[in-house]
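Quick notes on the structure that follows.
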Amino acid sequence: MNTRKKHTGNDDEAEAQSSFRKRKLRTVVKPGKVLPAGARRGTVLTALGPHWLVAPEITDHGLDAVSLMVCSVSGTVDAQGGTTLVAVGDVVWFVSSGSAMEVGGQEYAEGTIEKVETRRTLLSRKAAGRVQREQVLAANIDRLGIVIAAANPDYHRGLIDRYLIAADKGDLEPFIIVNKMDLVSGELETLIAEDLEVYTKALRRKVFFVSTVSGFGIDLLTEFLNGATTLLAGQSGVGKSSLINHITQNHLRVGSISQATGKGRHTTTSALLVPLPRGGFVIDSPGTREFSIWELDLQEIMYYFEEFDDYSPNCKFSTCTHTHEPGCAVKDAVDKGAINAGRYFSYLALRAEIEG
Ligand SMILES: Nc1nc2c(ncn2[C@@H]2O[C@H](COP(=O)(O)OP(=O)(O)OP(=O)(O)O)[C@@H](O)[C@H]2O)c(=O)[nH]1
Ligand SMILES: [Mg+2]
Ligand SMILES: [Zn+2]
């Protein structure tokens, strides 16, 4: 887990900022409302139209994959700060209504979510549209697997750097998966390895090179995924769903649910939590072309580029933004190749986006 401080301010200030954010994560039962008798604990697997598919908990970490419930959300569940009410990965308390509902040709017991537990971690982004709103993509995850393809589609370093910041903000451990390695060889393969070297060397992140077609690298990745909850995110078509199918060998029937609601396309339309054969979970998510980080201030951006920290104290001005100022030690380090130019470019692009 990343404990690096993002602000140069004192510890109290950093602590206050962090507890402010944590308070905002809280989704609780409205005051005065008591959890109904017979309420059971479960985990949200996916959205089914306006409802949520919930797996009841059988042991501390075990989920009952047979008696899945389709739940609506009780009006007494309150999302503080206008954040997403329920998200995949949420731990919820639900009551069974005793009736059944058919979704996608499958019959499920019906229930109502009465409470959403405080989220331990989350990945969120700025929701599309004009209104400033946070969209929680998934809750209670340990790691963020940033999936890119070696080819088809080409990857953008800028998107990787955005996901790294979102992971940092959400207290997730990010790593990179480069899929479709079967499509490249020789010089191109070397170029990709060199291009991504900054993530392993300067940022000390794991990078897995894999192919779901040839099976290359899958064992190592599977080993790493075991026991933790990982969200796979990335552009559409990079192979997130293919990877999950390959690793889990479709071993849970919820795999067919996502297809049933997939409107005949293979593209993933809503996040889906899938248990791993040897413990832990992996969450599939719909592909995103762009990714806007939720609540990112202009002044804050530089602190997410941790490799700048080694040079920024030597900038001529203490208020240096590392963009145009004379005597900037960060720009100097970029020119000398000590800071990766692609990362610096991502920094400038993020600033430009926020400055508008
Ligand atoms: N050559 C090659 N093709 C792959 C590989 N993995 C997946 N594909 C193909 O890439 C396409 C997209 O795969 P998906 O798994 O649907 O991609 P996704 O990331 O889940 O896409 P969205 O759900 O739209 O976000 C499919 O046609 C797969 O067969 C791979 O390792 N090599
Ligand atoms: Mg998919
Ligand atoms: Zn500077």
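As the structure lists them, so they are numbered: ligands from 1, and atoms in each ligand from 1.
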Side chains of [X] and [Y]: closer than 4.5 Å at any heavy-atom pair?
| X | Y | value |
| --- | --- | --- |
| Ile160 | Leu196 | yes |
| Glu189 | Phe209 | no |
| Phe175 | Leu221 | yes |
| Leu85 | Trp52 | no |
| Trp294 | Gln135 | no |
| Asp90 | Arg119 | yes |

Quiz item: Is the count of non-hydrogen atoms from other residues, nucleotides or ligands lying under 6.0 Å from Arg157 atom CZ greater than 12?
Solution: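 Yes, the 6.0 Å shell around CZ holds more than 12 heavy atoms from other groups.
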
Practice problem: Taking both backbone and side-chain atoms into account, decide whether Thr268 has an N/O/S atom under 2.8 Å from the Mg ion (ligand 2). | Solution: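 An N, O or S atom of Thr268 is closer than 2.8 Å to the Mg ion (ligand 2), so yes.
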
Quiz item: Has Ser241 got an N/O/S atom less than 2.8 Å from the Mg ion (ligand 2)?
Solution: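 True for Ser241.
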
Exercise. Only heavy atoms count here, so choose which of Lys180, Met181, Lys240 is nearest to atom 19 (O) of ligand 1.
Key: Lys240

Self-check item: Shortest heavy-atom approach to atom 20 (O) of ligand 1 - which of Pro286, Ser241, Gly217, Gly287
Solution: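 Shortest heavy-atom distance from atom 20 (O) of ligand 1: Ser241.
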
Quiz item: Which of these, Asp182, Leu243, Asn245, sits in a side chain to side chain contact (heavy atoms under 4.5 Å, CB included) with Thr212?
Solution: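 One option only clears the test, and that one is Leu243.
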
Mind checking whether [X] has an N or O less than 3.5 Å away from an N or O of ligand 1?
| X | value |
| --- | --- |
| Val210 | no |
| Gly237 | yes |
| Asp284 | no |

Practice problem: With heavy atoms under 4.0 Å as the rule, classify the contact between Thr212 and ligand 1 as side chain, backbone, both or neither. | Solution: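 The answer is both, backbone and side chain.
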
Exercise. Report the part of Asp182 (side chain from C-beta onward, or backbone N, CA, C, O) that has a heavy atom under 4.0 Å from ligand 1; answer both or neither where that applies.
Key: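 Asp182 to ligand 1: side-chain contact only, backbone stays beyond 4.0 Å.
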
Quiz item: What's the SG-the Zn ion (ligand 3)-SG angle here (Cys320, Cys315), rounded to 10 degrees?
Solution: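 SG of Cys320, the Zn ion (ligand 3) and SG of Cys315 span an angle of about 110°.
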
Atoms in ligand 1 with a heavy atom of [X] nearer than 4.0 Å:
| X | value |
| --- | --- |
| Leu183 | 1 (N) |
| Ser242 | 6 (N), 7 (C), 13 (O), 14 (P), 15 (O), 28 (C) |
| Ser211 | 31 (O) |
| Val238 | 17 (O), 19 (O) |
| Thr267 | 22 (P), 23 (O), 24 (O) |

Quiz item: Do Val178 and Phe216 share a hydrophobic cluster (ILVMFWY, side-chain heavy atoms under 4.5 Å, transitive)?
Solution: yes

Exercise. Specify whether the nearest protein heavy atom to atom 26 (C) of ligand 1 is under 4.0 angstrom away.
Key: no

Quiz item: Can you find a protein heavy atom under 4.0 Å from atom 13 (O) of ligand 1?
Solution: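 At least one protein heavy atom is under 4.0 Å away.
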
Quiz item: Taking the N/O/S atoms of His322 one by one, which is nearest to the Zn ion (ligand 3)?
Solution: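 Result: ND1.
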
Quiz item: Does a side-chain N-to-carboxylate-O contact under 4.0 Å join Arg162 and Glu290?
Solution: no

Quiz item: Does a side-chain N-to-carboxylate-O contact under 4.0 Å join Arg120 and Asp142?
Solution: yes

Exercise. Measure the distance from atom 2 (C) of ligand 1 to every protein heavy atom, then report the residue, atom name and distance (to 0.1 Å) of the closest one.
Key: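 The answer is Val213 CG2, 3.4 Å.
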
Practice problem: List the closest protein heavy-atom neighbour of atom 17 (O) of ligand 1: residue, atom name, distance to the nearest 0.1 Å. | Solution: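 Result: Gly239 N, 3.1 Å.
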
Exercise. Show your working on side chain to side chain contact (heavy atoms under 4.5 Å, CB included) between Leu203 and Arg343 and close with a plain yes or no.
Key: CA-CA 11 Å; Leu203 304 178; Arg343 289 274 297 164; 3.6 Å; yes

